[in-house]
S.K.: 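I am attaching a structure below and will ask some questions about it afterwards.
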Amino acid sequence: MTPAQVSAAPARPRLAVTMGDPAGIGPEITAAALAGVRERDADLVVVGDAARLRQAARLLGLTVAVETVDSAESAGGPGAGAEGAVRVLQTGGPTDHLPFGQVSADAGRASYGYVETAVRLALEGRLDGIVTAPIHKEAWHAAGIAHPDHTSTLAALTGAPRHAMMLANDELRTVLVTTHLPLSRALTEITAERVLGIVELAHDELRALGIASPRIAVAGVNPHAGEGGLFGDEEALAVRPAVEAARAAGIDASGPHPPDTVFMRARRGEFDIVVAQYHDQGLIPVKLLGIEEGVNATLGLPFVRTSVDHGTAFDLAGTGRADAGSLRYAIRSALGLVRARRGQSGGRAR
């Protein structure tokens, strides 16, 4: 390969995996997912605590080396350290003294710091994407962190004007209008403007991933999509006007569809994505198909972000029995999204 060809070659995708709450299963699944990884076409770095990861590796009986690096750029490529090592950008102090399975402000503060650092690196163009292990919302609250979850934190740190949570696996995609809200409050926030914004965002993101004309199904809120107003008026007041506005703008949107059948229809290939109105409406169908092969992605950010589709599992933390399947899937999905975006843009994913 000539020097000109080398300089023209696209940069290897670079992902950060944030370790998650140190008291949860995040350290264990991170160690398990990255142990022995020899991803030839990407560089992976953990943003977290090397001491906790070494402790987690011992719990799992892994002999993998855990090495600290000085920057995201030094995580991969020639001379990056031992083959198959887990490379860690140390962020904050050691957390290996924290008890597993217990909520603490210290753990919440640490896990927030991992996310904050990774976002800063991504915004500086030093990462193509972030993969997040689970945080504990109560620990964040104990640490005085204002944001209730990853999605709202990422939106605030990036200043993203539009954002949404998408859950997906190989059979189904769903994007949420409302997320971590009491159901009574979520119903008040389902407006035509909000639904339309999510439909537009889903359309734009799927087009960026190579789907020329995404088929978007919008679920109703009530049983049988309201049955003509007999079971509620959210469909008439919010969902239908949003669908009509989207169609007028040239988007292939339809609905409101009865929530009890629309996910089945999407799984059979009739739609590319389902817009769900509230958290459990959208997450239950995806998780029913298997947590190990599901991914949580945030739409609307200037970089790729995926996550596991499960929580901190404090009952399993420190036992060595946590399954790293969802994190592995999230990493593979993030790399796929970066490459798809590069294919559409012809350059480095941002």
Side-chain angles (χ1 to χ4, degrees), residues 14-35 43-60 64-76 80-81 85-124 126-127 129-154 156-158 303 305 307-308 311-314 317-318 322 327 330-331:
R14 184 179 298 125
L15 298 180
V17 179
T18 58
M19 195 181 76
D21 191 301
I25 62 172
E28 291 163 85
I29 63 174
T30 300
L34 296 187
D43 298 330
L44 305 175
V45 61
V46 178
V47 179
D49 171 33
R52 190 60 146 186
L53 282 172
R54 292 188 185 104
Q55 185 181 44
R58 289 194 297 270
L59 282 170
L60 296 166
V64 63
V66 176
E67 302 177 345
T68 58
V69 295
D70 296 328
S71 68
E73 289 84 354
S74 61
V86 177
R87 299 180 180 107
V88 185
L89 185 62
Q90 181 70 36
T91 305
T95 59
D96 53 334
H97 63 286
L98 296 175
F100 283 106
Q102 292 186 24
V103 174
S104 75
D106 286 343
R109 216 166 0 254
S111 62
Y112 180 79
Y114 308 152
V115 175
E116 191 175 44
T117 296
V119 169
R120 175 176 54 79
L121 293 172
L123 290 176
E124 291 172 355
R126 297 162 67 186
L127 296 171
I130 298 171
V131 181
T132 57
I135 54 94
H136 198 288
K137 297 173 181 61
E138 189 178 342
W140 276 25
H141 180 74
I145 296 160
H147 306 294
D149 53 29
H150 271 123
T151 304
S152 59
T153 298
L154 291 164
L157 292 176
T158 61
F303 49 81
R305 181 262 174 163
S307 183
V308 295
T312 49
F314 272 8
L327 184 58
I331 293 169

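Note that the numbering runs from 1 along the sequence shown for the chain. Since the model is a prediction, treat every value here as computed from it, not as a measurement.
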S.K.: With a 3.5 Å distance limit and no angle check, can you tell me whether S307 reaches the backbone of T132 through a side-chain donor-acceptor pair?
M.R.: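 Judged by distance alone, yes, a pair lies under 3.5 Å.
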S.K.: What's the separation between atom CD1 in I29 and atom CG in L327, rounded to the nearest 0.5 Å?
M.R.: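 If we round to the nearest 0.5 Å, I29:CD1 and L327:CG are 4.5 Å apart.
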S.K.: Looking at every heavy atom in both L157 and E116, which two are closest together, and how far apart are they?
M.R.: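 For L157 and E116, the tightest heavy-atom pair comes out as CD1-CA, 4.1 Å.
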S.K.: Tell me, do T91 and M19 make a side-chain contact under 4.5 Å, heavy atoms counted?
M.R.: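 Contact flag for T91/M19 side chains = no.
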S.K.: Just by modelled atom types, is the A322 backbone N or O under 3.5 Å from a matching donor or acceptor in the E28 side chain?
M.R.: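 Not confirmed, E28 side chain does not pair with A322 backbone.
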S.K.: Does H141 have more than 12 heavy atoms from other residues, nucleotides or ligands lying within 6.0 Å of its NE2?
M.R.: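 Atom NE2 in H141 is not crowded, with 12 or fewer foreign heavy atoms closer than 6.0 Å.
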S.K.: How long is the straight-line distance from CG of L53 back to CG of D96, given to the nearest 0.5 Å?
M.R.: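 It comes to 10.5 Å.
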S.K.: Before giving the answer on side chain to side chain contact (heavy atoms under 4.5 Å, CB included), spell out for T153 and V119 the whole-Å C-alpha distance, their side-chain angles and the decisive distance to 0.1 Å.
M.R.: CA-CA 10 Å; T153 298; V119 169; over 6 Å; no
S.K.: Do you know which two heavy atoms are closest between V131 and A330, and how far apart they sit?
M.R.: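 Heavy atoms of V131 and A330 come nearest at CG1-CB, 3.8 Å.
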S.K.: Would you call the rings of W140 and Y112 parallel, tilted or perpendicular if under 30° counts as parallel and over 60° as perpendicular?
M.R.: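 Perpendicular, since the angle between the ring planes exceeds 60°.
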S.K.: Looking at R305 and T151, what are the two nearest heavy atoms and their distance?
M.R.: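 Where R305 meets T151 most closely, the heavy atoms are NH1-OG1, 4.1 Å.
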S.K.: What's the separation between atom CZ in F303 and atom OG1 in T158, rounded to the nearest 0.5 Å?
M.R.: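 It comes to 6.0 Å.
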S.K.: Report yes if the side chains of Y114 and V46 come closer than 4.5 Å at any heavy-atom pair, otherwise no.
M.R.: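 A side-chain contact under 4.5 Å is absent here.
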S.K.: As an exercise, state the distance from CD of E73 to CG of L121, rounded to the nearest 0.5 Å.
M.R.: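 E73 atom CD to L121 atom CG measures 7.5 Å (nearest 0.5 Å).
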S.K.: Test Q55 against R52 for side-chain hydrogen bond (donor to acceptor under 3.5 Å, both in side chains), laying out the working first.
M.R.: CA-CA 5 Å; Q55 185 181 44; R52 190 60 146 186; 2.6 Å; yes
S.K.: Between A51 and P94, which heavy-atom pair has the shortest distance, and what is it?
M.R.: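 It is CB-CB, 4.3 Å.
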S.K.: With respect to Q90, which candidate in D49, D70, T117 satisfies the side-chain hydrogen bond (donor to acceptor under 3.5 Å, both in side chains) definition?
M.R.: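 The option that passes is D49.
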S.K.: Of all the heavy-atom pairs spanning L60 and A31, show the shortest one and how long it is.
M.R.: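 Minimum heavy-atom separation between L60 and A31: CD1-CB, 4.3 Å.
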S.K.: Would you say that T95 contacts D106 through its side chain, given a criterion of any heavy-atom pair below 4.5 Å between the two side chains?
M.R.: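 Counting from C-beta outward, T95 and D106 never come under 4.5 Å.
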S.K.: So which heavy atom on A50 is nearest to which on T68, and how close?
M.R.: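 In this case the closest contact between A50 and T68 is CB-CG2, 3.7 Å.
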